[in-house]
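Naming convention: chains lettered A, B, ... in sequence-line order (proteins, then strands); numbering from 1 in each chain.
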There are 2 protein chains.
Amino acid sequence: MAHSTVSDEDLLSRSAEVFRTYGFEGTSLARLSEATGLEKASLYHRFPGGKEQIALAVAEGTHAWLRLHVFEPLKEPGDPRKKLRAAIEQLRDCYADGTLPCAFEVLSLAGGSPELTNALKDALQAWIKAFTEIAKESGLPTAEARRRAEQAIVQIEGSLVVGRVLGDAKAFRRTLDELPAILTNE
Amino acid sequence: MAHSTVSDEDLLSRSAEVFRTYGFEGTSLARLSEATGLEKASLYHRFPGGKEQIALAVAEGTHAWLRLHVFEPLKEPGDPRKKLRAAIEQLRDCYADGTLPCAFEVLSLAGGSPELTNALKDALQAWIKAFTEIAKESGLPTAEARRRAEQAIVQIEGSLVVGRVLGDAKAFRRTLDELPAILTNE
DNA sequence: TTTTTGATACCGAACGATCGGTAAAGTTAC
DNA sequence: GTAACTTTACCGATCGTTCGGTATCAAAAA
């Protein structure tokens with residue numbers, strides 16, 4: 001392997017930040033080039049499919065990140081409430097304490113390929129499933145657990161939007177504070 | 001090519017649909033031209049400030065629509081629960097039963113002018129205020145009413161995002177169903 | 001009533017800039 | 001040398017925007 005200026009992980013995480021900040025249509029190869037330090041043509045060497053492939057990789061990378069830092073830890077043996085508290089801190093980081101939009105949101109606006117749409121849907125469904133499982137583990141019946149899981153994610157996404165418009169991450173922080181009550185038996 | 005004319009209201013509502021569907025960056029003058037029936041140059045006659053001015057007009061138009069169909073009716077004398085039910089049906093229409101993104105969401109992504117950002121913030125604050133007042137009217141203390149108002153809007157925005165990703169408006173419909181319980185004393 | 005006129009609204013064509021994308025040459029590591 | 005990788009240079013298309021000119025219509029002038 002010869003001379004790779006920037007690692008795959010860095011390349012992907014920096015691209016993700018650009019996409020999440022400017023949206024799919026607002027993300028230009030020039031911006032990606034600036035953010036990653038790679039020339040446009042170099043991006044095409046890494047991602048022959050161009051912008052669409054980068055967006056898809058960002059979506060899959062987001063899924064992988066969630067799997068590693070949220071889904072899997074929630075599955076490990078241990079106190080559900082304790083695991084949930086750890087997962088919440090991971091989410092706080094992921095969204096930069098409510099200041100960075102969600103990839104699911106910005107990449108799901110019209111303009112993306114069907115592949116991208118599917119990747120986002122898969123990842124979000126996996127998220128719902130992970131939250132459903134932890135809610136069941138803490139004693140809630142299946143149907144109710146599922147309802148609460150969706151409710152939790154709805155509230156995360158919504159508070160990110162509201163917080164962005166109001167220029168105040170208070171709503172997001174409150175949502176994170178309420179997550180344990182939503183996902184475990186109150 | 002024959003002359004084409006369109007009323008200010010139509011012009012604005014069609015532009016709003018384009019912006020809400022494709023986002024600020026994804027909305028091109030070509031798309032606006034196609035959606036409104038006016039040539040690009042004609043759009044500049046109506047909006048000398050170009051795309052930014054159209055987006056600002058869409059934001060202010062959204063605020064005006066909400067004021068007329070939601071905020072003001074909620075202020076009129078009458079049973080709070082009844083007024084709320086009517087407002088909910090207006091919101092269902094506004095979001096095309098959960099299939100059309102929210103203008104606050106798509107216009108608040110990076111790229112808009114400070115003026116636009118302010119207009120969105122003002123409109124959302126007015127929405128929160130209107131929901132707070134109706135919650136107070138139905139017997140909730142001020143602080144709790146405000147909390148519930150924000151919660152209601154967070155849930156609307158979040159369910160729109162989740163529904164868009166999952167390709168299923170179920171979450172949005174459920175949110176509307178839950179709104180009375182959120183905004184009035186359960 | 002008919003004609004003239006001026007303001008308003010609209011359009012076709014073009015601007016420079018930037019878009020996503022490509023080909024080929026140059027550089028680095030093995 | 002060769003393969004992996006990056007870069008310079010470039011492409012056609014589209015971006016937001018501008019401008020000269022045309023259509024429309026109401027009011028004034030005939």
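The distance from atom CG of B:Asp8 to atom C1' of C:dT8 is 13 Å, rounded to the nearest whole Å. The distance between atom CD of A:Glu25 and atom P of D:dT14, rounded to the nearest whole Å, is 14 Å. We find that CG of A:Leu43 is positioned 19 Å from P of D:dA4, with the value rounded to whole Å. The distance between atom CG of A:Leu38 and atom C1' of D:dT6, rounded to the nearest whole Å, is 7 Å. For A:Gln53 and C:dG20, the CD to P distance is 15 Å, given to the nearest whole Å. Going from atom CG of A:Leu32 over to atom C1' of C:dC19 covers 13 Å, rounded to whole Å. Spacing between atom OH of A:Tyr44 and atom P of D:dC11 amounts to 17 Å, rounded to whole angstrom units. Atom pair B:Arg31:CZ and D:dG16:P shows a separation of 9 Å (rounding to whole Å applied).
In this structure, B:Arg46 does not reach the C:dT8 phosphate: none of its side-chain N or O atoms is under 4.0 Å from OP1 or OP2.
Between B:His69 and B:Trp65, the two ring planes are parallel [angle under 30°; tilted spans 30° to 60°]. A:Phe19 and A:Phe24 have parallel rings, their planes meeting at less than 30° on a 0 to 90° scale where 60° marks the start of perpendicular.
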If you apply the rule side chain to side chain contact (heavy atoms under 4.5 Å, CB included), what do you find for B:Leu11 with B:Leu43, and how did you get there? CA-CA 9 Å; B:Leu11 186 49; B:Leu43 290 172; 4.0 Å; yes
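Salt bridge present: A:Glu144 and A:Arg147 bring a charged side-chain N and a carboxylate O closer than 4.0 Å. Classification of B:Arg92 and B:Glu89 as a salt-bridged pair holds, one side-chain N sitting under 4.0 Å from a carboxylate O. Remark: A:Glu105 engages A:Arg164 in a salt bridge, criterion side-chain N to carboxylate O under 4.0 Å. Residues B:Lys129 and B:Glu133 are not paired through a salt bridge, judged by the lack of any N-O separation under 4.0 Å between the basic side chain and the carboxylate.
Comparing D:dT17, D:dC5, C:dG20 by their closest approach to the side chain of A:His45 singles out D:dC5. Here the side chain of A:Ser28 is nearest to one of D:dC15, C:dC19, D:dT6, namely C:dC19. Relative to the side chain of A:Lys40, the nucleotides D:dC10, D:dT17, C:dT8 differ in distance, and D:dC10 lies closest. Here the nucleotide nearest the side chain of A:Ser42, chosen from C:dA23, D:dT6, C:dC19, is D:dT6. If you check D:dG16, D:dC19, C:dG21 against the side chain of B:Ala41, the one that comes closest is D:dC19. With C:dG21, D:dT18, D:dT6 as the candidates, the nucleotide lying closest to the side chain of A:Leu29 is C:dG21.
Taking five base pairs at each end of the helix from C:dT1-D:dA30 to C:dC30-D:dG1 and finding the rotation axis that steps the C1' atoms of four pairs onto the next four gives two axes whose angle is 10°, to the nearest 10°.
At the heavy-atom level, B:Thr27 lies under 4.0 Å from the strands shown only through sugar-phosphate atoms.
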